[in-house]
Protein chains: 2
Amino acid sequence: MSKSPFLQLHEADTVVVARDFAPQGSVWTSPDGKLTVTAKERIELGHKMAIVPLPKGTTLLKFGQPIGFSTIDIAPGDWVHSHNLDMMSLHRDFEFGTAIHEPPAPATPRTFMGYRRQDGRAATRNYVAIVSTVNCSATSANYIVDAFDEALLAEFPNIDGVIALNHKSGCSFRYTGPDHQMLARTLGGFARHPNIGAYIILGLGCETGQASFLAEEYDLVTLDNAGSKSNRPLIMNIQDLGGVKKTVQQGIAALKDLLPAANQVQRMPIPISELILGTNCGGSDGSSGVTANPALGVASDLLVAHGGTSALAETTEIYGGEHLLTRRAVSREVGEKLIERIRWWEEYAAKFGAKIDNNPSVGNKKGGLTTIFEKSLGAISKAGTAPLRAVYEYSEPMTEKGFVIMDTPGFDPASVTGLVAGGANIVIFTTGRGSCFGCKPVPSIKVSTNTPIYDRMIDDMDLNAGTILDGEKTVEEVGLEIFEEMIAVASGKKTKSELQGIGDEEFCPWMPGPIF
Amino acid sequence: MSKSPFLQLHEADTVVVARDFAPQGSVWTSPDGKLTVTAKERIELGHKMAIVPLPKGTTLLKFGQPIGFSTIDIAPGDWVHSHNLDMMSLHRDFEFGTAIHEPPAPATPRTFMGYRRQDGRAATRNYVAIVSTVNCSATSANYIVDAFDEALLAEFPNIDGVIALNHKSGCSFRYTGPDHQMLARTLGGFARHPNIGAYIILGLGCETGQASFLAEEYDLVTLDNAGSKSNRPLIMNIQDLGGVKKTVQQGIAALKDLLPAANQVQRMPIPISELILGTNCGGSDGSSGVTANPALGVASDLLVAHGGTSALAETTEIYGGEHLLTRRAVSREVGEKLIERIRWWEEYAAKFGAKIDNNPSVGNKKGGLTTIFEKSLGAISKAGTAPLRAVYEYSEPMTEKGFVIMDTPGFDPASVTGLVAGGANIVIFTTGRGSCFGCKPVPSIKVSTNTPIYDRMIDDMDLNAGTILDGEKTVEEVGLEIFEEMIAVASGKKTKSELQGIGDEEFCPWMPGPIF
Ligand SMILES: [Ca+2]
Ligand SMILES: [Ca+2]
Ligand SMILES: [Ca+2]
Ligand SMILES: [Ca+2]
Ligand SMILES: [Ca+2]
């Protein structure tokens with residue numbers, strides 16, 4: 001355990017980062033003890049020091065990924081910043097598949113204790129849900145949920161809860177237009193989610209986003225535990241049933257009927273290759289890209305090595321790093337899908353006379369971030385360094401194994417809602433300023449980037465990556481800690497947000513518009 | 001009480017509408033008995049019959065407003081539709097102030113029993129609120145509200161309830177950009193609403209939509225009953241307080257402190273000129289423009305005659321009728337503000353490659369709607385025929401008396417949220433298909449357009465305008481019924497939605513984007 005003021009964020013890196021003010025003469029030693037580098041000048045907090053000779057034109061690696069080229073010869077111990085590092089041609093063209101690095105295969109396969117649905121899907125939780133088609137049915141859905149208090153659910157110990165998937169939309173968009181499709185894809189994704197053991201669909205009746213459209217277009221079936229796939233799910237419309245009061249009575253009865261079957265599940269060993277990890281960060285700070293994000297990347301690479309899926313999202317926060325991601329794409333097609341999504345965002349912003357600007361600000365530069373790659377990689381590093389196997393639109397089912405991207409906004413609840421709709425059955429969320437996020441029906445592990453926020457928000461934080469800054473643990477060590485916590489939580493260990501019951505309000509389908 | 005199959009929607013109308021299939025020879029007699037007209041041919045349900053001679057080129061009036069010109073000479077008893085009615089030049093240019101009709105002054109002034117706030121504002125209800133700045137604080141806000149159960153509130157009989165104003169946004173928009181301003185204006189409007197006796201603002205801490213920006217930009221003050229206007233409202237941020245658990249504990253304590261003062265109110269007579277009526281319709285059907293909407297228009301004109309305010313909204317549903325509304329504008333400036341808003345919607349739709357199309361559909365035409373004016377007037381008729389005194393943007397404070405327009409989408413919860421933010425202290429909502437809308441902290445009276453939906457949704461419907469279709473009451477009579485119900489509800493009579501506790505989920509700030 002190094003007490004050096006320097007951190008190596010990835011074993012392939014050719015620069016290290018100062019986790020503290022590092023006076024001239026500060027020393028960094030590689031984990032294997034073979035390499036020792038001494039700072040030739042004072043290196044400020046967050047800034048970089050070269051650890052190997054980097055002759056002019058050499059690609060520099062941070063997060064295990066290129067952040068630019070040396071513009072002059074750089075020696076070990078030199079400070080690295082705008083005076084000797086530039087993006088140069090990296091930003092000029094898109095390459096596809098030129099930087100494929102498979103994470104090493106694991107020594108032993110791992111399993112988690114999950115639920116196996118009759119149709120083969122792997123679940124980490126077992127919820128019962130009411131899917132609201134429209135804001136007009138949200139209150140009725142809440143009233144139905146209210147009836148399922150602890151006393152009633154005590155009879156059904158294998159059910160984690162009854163949730164209402166309420167939102168602020170469902171009408172006044174174009175029938176089968178983009179918002180309609182996106183909302184239906186999201187609601188459909190939740191309905192089909194392995195963590196939902198049973199559900200009903202509740203609408204008003206006259207909304208544009210009809211329950212019947214949802215059920216037919218997204219091929220929804222009753223997910224009863226007996227595995228019968230022949231039936232459409234139960235659809236209830238308030239206008240047909242005669243108003244709120246009668247709907248609530250009938251809704252309670254209908255859900256009660258589903259509980260005994262939904263309770264008939266038990267956890268069993270399932271390969272972690274069936275975990276679909278959704279990563280996110282919210283309330284980022286200067287430490288996010290140095291501690292929690294790269295550590296989560298280590299966990300992500302481990303999951304991918306075990307055959308699992310790890311999804312990066314928040315397109316607006318990875319913006320500027322797309323040239324690096326295309327180099328990791330397993331095919332031109334996958335890479336071009338990402339570019340197409342980036343273009344979509346540029347055009348969307350332009351519609352409103354806005355711009356997506358992820359360039360390092362003056363403050364970022366002072367903090368040691370030299371290039372837009374480096375800033376974007378701070379977010380991208382959450383999902384490790386594995387080859388990019390697929391790019392999905394918002395809420396699309398994520399069917400590929402390995403590292404994938406889903407296009408979502410950076411707004412946390414909207415981003416995670418899309419990831420869960422796409423099948424994520426575990427979420428890991430990094431935060432520097434502090435977050436109290438939860439996302440039913442999927443557990444969300446929160447990792448703090450610094451120790452003060454971990455201590456202050458101890459009721460909400462699951463893990464502390466601030467130990468890296470404190471010099472107590474390496475990125476690798478915290479990465480392993482996150483990996484083990486992920487398996488424990490997937491197996492039933494409650495996260496802090498679950499212990500507090502958080503995750504209903506956070507259902508937040510993204511709808512870019514227009515609304516009429 | 002006429003059992004004629006024909007209805008006159010407004011006393012100035014030159015056509016009547018068939019409320020049922022009217023065989024040739026069917027008779028309509030004017031209320032004063034002076035005019036009797038016999039149908040010269042069969043008139044279908046929803047279609048129009050002329051009641052006076054309409055020589056070629058005459059303006060035809062329905063809803064007391066022009067719907068087009070006769071293209072040939074029309075005689076009393078003639079069926080009026082596309083073969084003899086056209087919009088012609090009405091649609092070609094905008095006129096300003098050429099059709100000003102002041103409703104007649106009332107015989108006696110009227111009052112309602114309301115609450116008078118220390119600063120003079122008039123309230124119809126007395127709620128305590130938590131204003132969430134961002135989705136991230138929504139769950140904590142709910143947990144705080146949960147502590148204020150019936151038992152606790154029983155000590156404070158003058159408080160109607162404690163509500164959480166939660167939403168799905170508050171971050172990932174441009175700082176001081178349009179979405180930020182619109183959300184802040186909406187949250188600020190609720191915070192300042194006379195029906196909110198006391199409130200706190202609750203945020204996460206790192207959101208773009210900062211609580212401090214909200215409080216400063218919208219000049220929020222502690223609305224304690226002692227009338228002290230010198231203090232900023234209490235702002236709580238979860239990150240500062242150390243997470244959900246500690247925030248909830250402190251939030252409960254803070255709100256409890258506000259209850260005794262908030263309870264110190266009593267109802268007193270207040271002129272109805274201080275009512276601000278927000279009108280809306282949702283789940284419209286073929287009867288909406290024949291029964292509930294024109295009847296609500298009668299009530300609206302009565303309120304305006306008494307010096308009160310009546311606000312029309314749902315711009316996309318009045319689209320196509322703007323040329324008629326500018327003729328009612330009290331100034332060119334007011335009329336041009338409306339046109340500017342119409343252009344905004346056209347450009348907004350075009351950004352997404354969409355169009356706002358409010359033209360009568362084939363089904364509308366079969367149902368008897370000849371022109372786009374007639375269709376738009378079906379919605380516009382909710383707000384009567386009084387001169388248009390102001391046009392407001394979404395959630396803007398409505399300070400003018402008389403008939404005004406607020407630009408909102410047609411989506412009901414978003415539309416009413418804007419109206420309430422703008423100061424509406426009573427809402428009347430017409431529905432044909434059935435609605436279970438409610439909107440805390442303001443009572444919302446629901447009027448059905450037909451008797452079957454009134455009977456079927458009796459737990460949700462307050463009034464039945466279907467009696468007009470049934471031949472039991474005139475539009476005028478139902479209009480008076482609505483007017484009296486409005487005063488009774490403003491004075492404390494609970495609406496059906498209030499009796500059921502509806503109106504939390506329906507808080508739905510409109511945000512046209514972009515979100516990042
Ligand atoms: Ca982030
Ligand atoms: Ca984010
Ligand atoms: Ca809610
Ligand atoms: Ca409407
Ligand atoms: Ca509407």
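Numbered from 1 within each chain, the chains take letters A, B, ... in sequence-line order. Quick caveat: nothing in here was measured; it's all calculated off a predicted structure.
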*Asks:* Given the options Ser497(B), Gly177(B), Ser169(B), Gly503(B), which has more heavy-atom pairs under 4.5 Å with chain A than any of the others?
*Replies:*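 Most heavy-atom pairs under 4.5 Å with chain A: Ser169(B).
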*Asks:* By a 4.5 Å heavy-atom criterion (distance strictly below it), what part of Leu204(B) contacts chain A: side chain, backbone, both, or neither?
*Replies:* side chain
*Asks:* Can you measure from CD (Glu506(A)) to OG (Ser435(A)) and round to the nearest 0.5 angstrom?
*Replies:*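 Those atoms lie 8.5 Å apart.
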*Asks:* Starting from the C-alpha separation in whole Å, work towards a yes-or-no answer on side-chain contact (heavy atoms from CB on, under 4.5 Å) for Lys496(B) and Ile458(B).
*Replies:* CA-CA 9 Å; Lys496(B) 290 287 178 77; Ile458(B) 189 67; 4.2 Å; yes
*Asks:* Quick check: under 4.5 Å, non-hydrogen atoms only, which of residues 346-358 of chain B neighbour chain A?
*Replies:*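 Result: Tyr348(B), Ala349(B), Lys351(B), Phe352(B), Gly353(B), Ala354(B), Ile356(B).
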*Asks:* Do you know which of Cys171(B), Gly438(B), Ala414(B) has the most heavy-atom pairs with chain A at a distance under 4.5 angstrom?
*Replies:* Cys171(B)
*Asks:* Using a heavy-atom cutoff of under 4.5 Å, enumerate the residues of residues 441-449 of chain B that contact chain A, numbered in order, or state 'none'.
*Replies:*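 Hits under 4.5 Å: none found.
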*Asks:* Based on non-hydrogen pairs under 4.5 Å, which of Asp459(B), Val248(B), Asp455(B), Asp504(B) is most in contact with chain A?
*Replies:* Asp459(B)
*Asks:* Quick check on side chain to side chain contact (heavy atoms under 4.5 Å, CB included): which of Asn237(B), Thr247(B), Leu165(B), Thr133(B) does Leu202(B) satisfy it with?
*Replies:*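 Going through Asn237(B), Thr247(B), Leu165(B), Thr133(B) one by one, the side chain to side chain contact (heavy atoms under 4.5 Å, CB included) with Leu202(B) is satisfied by Thr247(B) alone.
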*Asks:* For chain A, which of Ser137(B), Gly205(B), Gly501(B) has the most heavy-atom pairs under 4.5 Å?
*Replies:* Gly501(B)
*Asks:* Residues in ring-ring contact (aromatic ring centres under 6.0 Å, His included) with Phe173(A), at least two apart?
*Replies:* His180(A)
*Asks:* Is Thr417(A) reaching over with its side chain to a backbone N or O of Cys508(A), donor-acceptor style, under 3.5 angstrom?
*Replies:* yes
*Asks:* Which answer fits Arg433(B), side chain, backbone, both or neither, if we ask what part of it has an atom under 4.5 Å from a heavy atom of chain A?
*Replies:* both
*Asks:* Out of curiosity, Glu207(B) CD to Tyr175(B) OH, how far, rounded to the nearest 0.5 Å?
*Replies:*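 That separation rounds to 11.5 Å.
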*Asks:* For the residue pair Thr408(B) / Glu314(B), report whether a side-chain donor-acceptor contact shorter than 3.5 Å exists.
*Replies:* no
*Asks:* Counting heavy-atom pairs under 4.5 Å to chain A, which of Val244(B), Leu241(B), Thr315(B), Thr208(B) comes out on top?
*Replies:*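 Most heavy-atom pairs within the cutoff with chain A belong to Val244(B).
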*Asks:* Could you list the donor-acceptor pairs under 3.5 angstrom formed between side-chain atoms of residues 509-516 of chain B and any protein atom two or more places apart in sequence or on another chain?
*Replies:*
none

*Asks:* Output the option from Cys436(B), Pro409(B), Cys206(B) having the highest count of non-hydrogen pairs under 4.5 Å with chain A.
*Replies:* Cys206(B)
*Asks:* Rounded to the nearest 0.5 Å, what's the gap from CZ on Arg341(B) to OH on Tyr319(B)? Could you check?
*Replies:* 13.5 Å
*Asks:* Do the side chain of Lys246(B) and the main chain of Asp240(B) share a donor and acceptor less than 3.5 angstrom apart?
*Replies:* no
*Asks:* Would you compute the distance between atom CD1 of Ile144(A) and atom CD of Gln249(A) and round it to the nearest 0.5 angstrom?
*Replies:* 10.5 Å
*Asks:* Output yes when a side-chain donor or acceptor of Ser415(A) lies under 3.5 Å from a complementary backbone atom of Phe411(A), and no otherwise.
*Replies:*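 No; zero donor-acceptor contacts below 3.5 Å.
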*Asks:* Lys168(A) and Glu505(B): which non-hydrogen atoms are nearest, and at how many Å?
*Replies:* NZ-O, 2.8 Å
